[in-house]
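It should be emphasised that the depicted structure is a prediction, and the values quoted were computed from it without experimental measurement.
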Amino acid sequence: MKFKALCIAITAAVVAAFVCAFTVDGDSSIKEITHPYINTYECTRATLGDADLLENCDHIRIVLGEGDKLELLIKKKGERERRRTGKYSFNEDTRELTADITILGYPFRPRAAIENGQFTVTTQIAAKQLVMIFEAK
């Protein structure tokens, strides 16, 4: 009888440990588990050379959606929000995001690694360095 009780207790402990190890937060979704990069990213820093691009903007956001849909949202102070659409790909192994978007008639194809819910886009524009830091909202 003691042997059966001991076996049941050990089995219950193993099952409890297994269940605890793989518990998913109740607020989580399948998207957060399978595609955690799908999110809205807010630009927290944007400079072109010495100029601060955010001082004239209410916000600059990038929305990575299902599939390969990307949306760039820019709202300058006192103006309506402007939207640009494009496509993106994400390499699960390198955690690298590659976007394809056209801005003012010019194709733009930045690449950035997403780490800890943030990524940085850097490129040269007219001999000045553009630096944009985005963080998940």
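- Evaluation of the ring pair (Phe, Tyr, Trp, His ring centres under 6.0 Å) test over residues 49-74, restricted to residues two or more places apart or in two chains, returns none.
- E71 is linked by a side-chain hydrogen bond (donor to acceptor under 3.5 Å, both in side chains) to R83, counting only residues two or more places apart in sequence or in another chain.
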Please tabulate, one pair per line, all N/O donor-acceptor pairs under 3.5 Å involving side-chain atoms of residues 47-58, not counting sequence neighbours.
residue : atom : partner : partner atom : Å
D52     : OD1  : L54     : N            : 3.0
D58     : OD2  : K75     : NZ           : 3.2

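- Under the salt bridge (Lys or Arg N to Asp or Glu O under 4.0 Å) criterion, E96 pairs with no residue, sequence neighbours left out.
- The side-chain hydrogen bond (donor to acceptor under 3.5 Å, both in side chains) test applied to D68 returns no partner, not counting sequence neighbours.
- Here the closest heavy-atom approach between residue L64 and residue I38 is recorded as O-CG2, 3.1 Å.
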Going by atom type alone, with no hydrogens or angles, which donor-acceptor pairs under 3.5 Å involve a side-chain atom of residues 113-133 and a protein atom two or more places apart or on another chain?
none

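- Screening residues 64-102 for ring pair (Phe, Tyr, Trp, His ring centres under 6.0 Å) gives Y37-F90 as the qualifying pairs, with residues at least two apart or on separate chains.
- For K76, there are no salt bridge (Lys or Arg N to Asp or Glu O under 4.0 Å) partners two or more places apart in sequence or in a different chain.
- Under the salt bridge (Lys or Arg N to Asp or Glu O under 4.0 Å) criterion, R95 pairs with no residue, sequence neighbours left out.
- The salt bridge (Lys or Arg N to Asp or Glu O under 4.0 Å) test applied to E79 returns R82, not counting sequence neighbours.
- A search for ring pair (Phe, Tyr, Trp, His ring centres under 6.0 Å) contacts involving F108 returns nothing, not counting sequence neighbours.
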